[in-house]
Visitor: 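Below is one structure. I have some questions about it.
These numbers were taken from a predicted model, which means no experiment stands behind them.
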Amino acid sequence: MPSAQIRLFSTDLDGTLLGQPAACWRFAEAWAGLPVGRRPILVYNTSRTVENTRAMVQTRGLPEPDFIIGSVGTELYDGLYNSADDFRRQFAEGWNLERVQEVVRLTPGVMEQPPECQHPYKSSWYWTRARRDDVEDLALRLREAGIQAHVDYSCRYFLDVVPVRAGKGRALTWLCSRLHIAMGDVLVAGDSANDSSMFLLSGVRGIAVGNALPELLADLGRRQIFVAQGTMADGVVEGLRYFGVFDATEGAPAVNHSTV
C-alpha cells in the first residue's frame with residue numbers, strides 16, 4: 001500500500017510537471033526509485049490529447065503512466081483494462097458539437113484553436129481576459145440551446161467546452177469508480193483553473209505547485225491543500241514528500257510550505 005494511503009496520483013502536465021526540464025528529471029528519477037509497494041497508480045490528467053501525451057512521455061523522459069486522461073477529460077488511455085470505449089460512450093447524450101460551435105462563435109472576442117486541438121467531444125478556443133460573468137453567460141447560453149456542457153476557462157486565455165460528464169474531475173471520478181479507489185486515497189496536482197475540478201472532488205488531497213495561478217487558489221477557497229514553495233515538478237516532488245509518498249531523500253531538497 002502506498003505511503004499515507006495514497007493509492008492514485010493524478011497530475012496535470014503543462015505548468016505542473018512540465019516547464020523546467022531539470023525539475024522534471026528530478027521527479028522522474030524519484031518516481032522510478034519508488035519501491036513497487038509504495039508507488040501509487042499514476043495518471044496524467046491533461047488538456048493535451050492522449051496521442052500527444054504518449055509521445056511526450058518518451059521525448060521528455062516522464063515516467064510511464066498507468067492511465068492518461070486527455071483532452072480535458074474526454075479521452076482515456078488505459079493499457080490495463082481496455083475501458084476507453086466504455087469511457088467515451090458516456091458523452092453522446094446531450095452533446096452536439098456543431099451546435100456548441102455555433103453558440104460559442106457568437107461570443108465576442110473568441111478565436112477557434114487549430115484543428116489539432118479539437119476533438120469530437122471537445123471544442124477549444126482562445127478568449128483573452130474573459131470575466132467570470134462572461135464565462136457564466138456562455139454556460140447559460142449553451143444550456144438554453146439544449147446543450148449539456150461543461151465550460152472550462154483557464155489562464156485567462158484558454159476556453160474548452162466539453163460534455164457535461166467530461167472535465168478532469170468527472171473523468172477522474174469515473175476512473176476511480178472503475179478501479180474501486182476511494183477519493184480519500186487520491187492525491188491530485190495542478191496549477192490552473194482547469195485543474196480545479198480535480199481538487200474539488202470530495203475527500204481528495206491536493207498539491208498546488210508554487211507557480212499555481214491565482215485563479216486556481218481562488219476556486220479552491222478555504223479547502224485545505226498543500227501549497228508548494230517549489231515551482232512545477234519541484235513543487236510536485238515537494239508535495240509528494242509532504243504526503244509521504246516520497247521520503248526525505250527522494251527528489252528536491254525540502255523547503256518551507258503553507259496551506260490554504
Side-chain angles (χ1 to χ4, degrees), residues 2 6 8-36 38-80 84 113-119 122 124 152 154-155 157-158 160 168 171-172 175 186-195 198-199 206-213 216 226 228-243 245-246 249-253 255:
I6 302 298
L8 184 147
F9 177 48
S10 173
T11 179
D12 174 53
L13 291 178
D14 294 283
T16 302
L17 275 185
L18 298 178
Q20 296 175 336
C24 187
W25 179 84
R26 284 189 287 271
F27 165 78
E29 182 181 48
W31 190 269
L34 280 175
V36 173
R38 285 180 51 204
R39 189 180 300 166
I41 293 169
L42 179 60
V43 181
Y44 294 145
N45 202 334
T46 175
S47 298
R48 293 174 180 260
T49 65
V50 163
E51 181 181 7
N52 178 271
T53 301
R54 293 189 69 188
M56 188 186 57
V57 166
Q58 302 301 318
T59 59
R60 303 291 182 90
L62 287 171
E64 187 68 32
D66 298 291
F67 299 91
I68 299 169
I69 295 172
S71 297
V72 195
T74 61
E75 289 188 293
L76 177 69
Y77 168 71
D78 170 6
L80 298 176
Q113 292 185 30
E116 60 267 23
C117 299
Q118 308 298 335
H119 182 272
K122 181 171 80 78
S124 296
D152 253 331
S154 61
C155 304
Y157 190 55
F158 298 106
D160 295 296
K168 292 185 175 185
L172 180 58
L175 178 60
V186 173
L187 177 63
V188 305
D191 73 303
S192 68
N194 75 358
D195 301 316
M198 291 195 294
F199 285 86
I207 303 166
V209 291
N211 54 291
L213 298 175
L216 173 63
F226 178 87
Q229 293 278 324
T231 59
M232 301 182 193
D234 279 340
V236 172
V237 169
E238 185 185 337
L240 288 168
R241 293 182 64 207
Y242 176 79
F243 287 107
V245 178
F246 290 163
T249 65
E250 293 164 332
V255 296

Visitor: Apply side chain to side chain contact (heavy atoms under 4.5 Å, CB included) to residues L76 and V50 and explain how you reach the verdict.
Guide: CA-CA 7 Å; L76 177 69; V50 163; over 6 Å; no

Visitor: Can you find a heavy atom in the side chain of V186 that is under 4.5 Å from one in the side chain of I6?
Guide: no

Visitor: Would a 4.5 Å heavy-atom cut-off, applied to side chains only, mark P40 and V245 as touching?
Guide: yes

Visitor: Between F27 and F9, what is the ring plane arrangement, given parallel below 30°, perpendicular above 60°, and tilted in between?
Guide: tilted

Visitor: May I ask you to test the C155-L213 pair for a side-chain heavy-atom distance under 4.5 Å?
Guide: yes

Visitor: Which value, rounded to the nearest 0.5 Å, describes the distance between L187 atom CG and F243 atom CZ?
Guide: 5.5 Å

Visitor: Taking all heavy atoms of R26 and all of D234, pick out the closest pair and write down the distance.
Guide: NH2-OD2, 2.7 Å

Visitor: Where do A189 and V236 come nearest, in terms of heavy atoms and distance?
Guide: CB-CG2, 4.4 Å

Visitor: Taking all non-hydrogen atoms of both residues, which atom of W31 and which atom of P63 are closest, and how far apart?
Guide: CD1-CB, 3.7 Å

Visitor: Is it the case that the side chain of K168 and the backbone of N45 share a donor-acceptor pair, with hydrogens and angles ignored and the cut-off at 3.5 Å?
Guide: yes

Visitor: Judged by atom type as modelled, is there a donor-acceptor pair below 3.5 Å linking the side chain of S71 to the main-chain atoms of T74?
Guide: no

Visitor: Are any side-chain N or O atoms of R39 and backbone N or O atoms of L34, one a donor and one an acceptor, separated by less than 3.5 Å?
Guide: yes

Visitor: Would you find a donor on one side and an acceptor on the other, under 3.5 Å apart, between the side chain of E75 and the backbone of T49?
Guide: no

Visitor: Is there a side-chain contact between I68 and V43, using heavy atoms and a 4.5 Å cut-off?
Guide: no

Visitor: Using modelled atom types and a 3.5 Å cut-off, is there a donor and acceptor pairing between side-chain atoms of K122 and backbone atoms of C117?
Guide: yes

Visitor: May I ask you to test the T46-T11 pair for a side-chain heavy-atom distance under 4.5 Å?
Guide: no

Visitor: Looking only at heavy atoms, which two atoms of F199 and I207 are closest? And how far apart?
Guide: CZ-O, 3.2 Å

Visitor: I'd like to know if the side chain of D195 reaches the main chain of S192, judged simply by a donor and an acceptor atom lying under 3.5 Å from each other, with no hydrogens or angles considered.
Guide: yes

Visitor: Test your reading of the model: is there a side-chain donor-acceptor pair from N194 to the backbone of S154, 3.5 Å cut-off?
Guide: no

Visitor: Under 6.0 Å from the CD atom of E64, do we count more than 12 heavy atoms belonging to anything else shown?
Guide: yes

Visitor: For the pair Q113 (side chain) and Q118 (backbone), establish whether a donor and an acceptor sit closer than 3.5 Å, ignoring hydrogens and angles.
Guide: no

Visitor: Strictly distance-based, threshold 3.5 Å: is any side-chain N or O of Q229 a donor or acceptor partner for the main-chain N or O of G210?
Guide: no

Visitor: Taking only distance into account, with no hydrogens and no angle test, what donor-acceptor pairs under 3.5 Å do side-chain atoms of residues 16-23 form with protein atoms, sequence neighbours excluded?
Guide:
unit_1 : atom_1 : unit_2 : atom_2 : d
T16    : OG1    : D12    : OD2    : 2.8
T16    : OG1    : D191   : N      : 3.4
T16    : OG1    : D191   : OD1    : 3.1
Q20    : OE1    : T231   : OG1    : 3.3
Q20    : NE2    : T231   : OG1    : 3.1

Visitor: Is L42 close to L8 at the side-chain level, that is, under 4.5 Å between some pair of heavy atoms?
Guide: no

Visitor: Could you walk me through whether C24 and M232 pass the side chain to side chain contact (heavy atoms under 4.5 Å, CB included) test, one step at a time?
Guide: CA-CA 8 Å; C24 187; M232 301 182 193; over 6 Å; no

Visitor: Roughly how far, to the nearest 0.5 Å, is CH2 of W25 from CG of L62?
Guide: 14.0 Å

Visitor: Run the side chain to side chain contact (heavy atoms under 4.5 Å, CB included) test on V57 and Y44 for me, step by step, so that the C-alpha distance in whole Å, both residues' side-chain angles and the decisive distance to 0.1 Å come before the verdict.
Guide: CA-CA 10 Å; V57 166; Y44 294 145; 3.8 Å; yes

Visitor: Do Y77 and F67 pass the side chain to side chain contact (heavy atoms under 4.5 Å, CB included) test, and can you show the C-alpha distance, the side-chain angles, and the key distance before you say yes or no?
Guide: CA-CA 5 Å; Y77 168 71; F67 299 91; over 6 Å; no

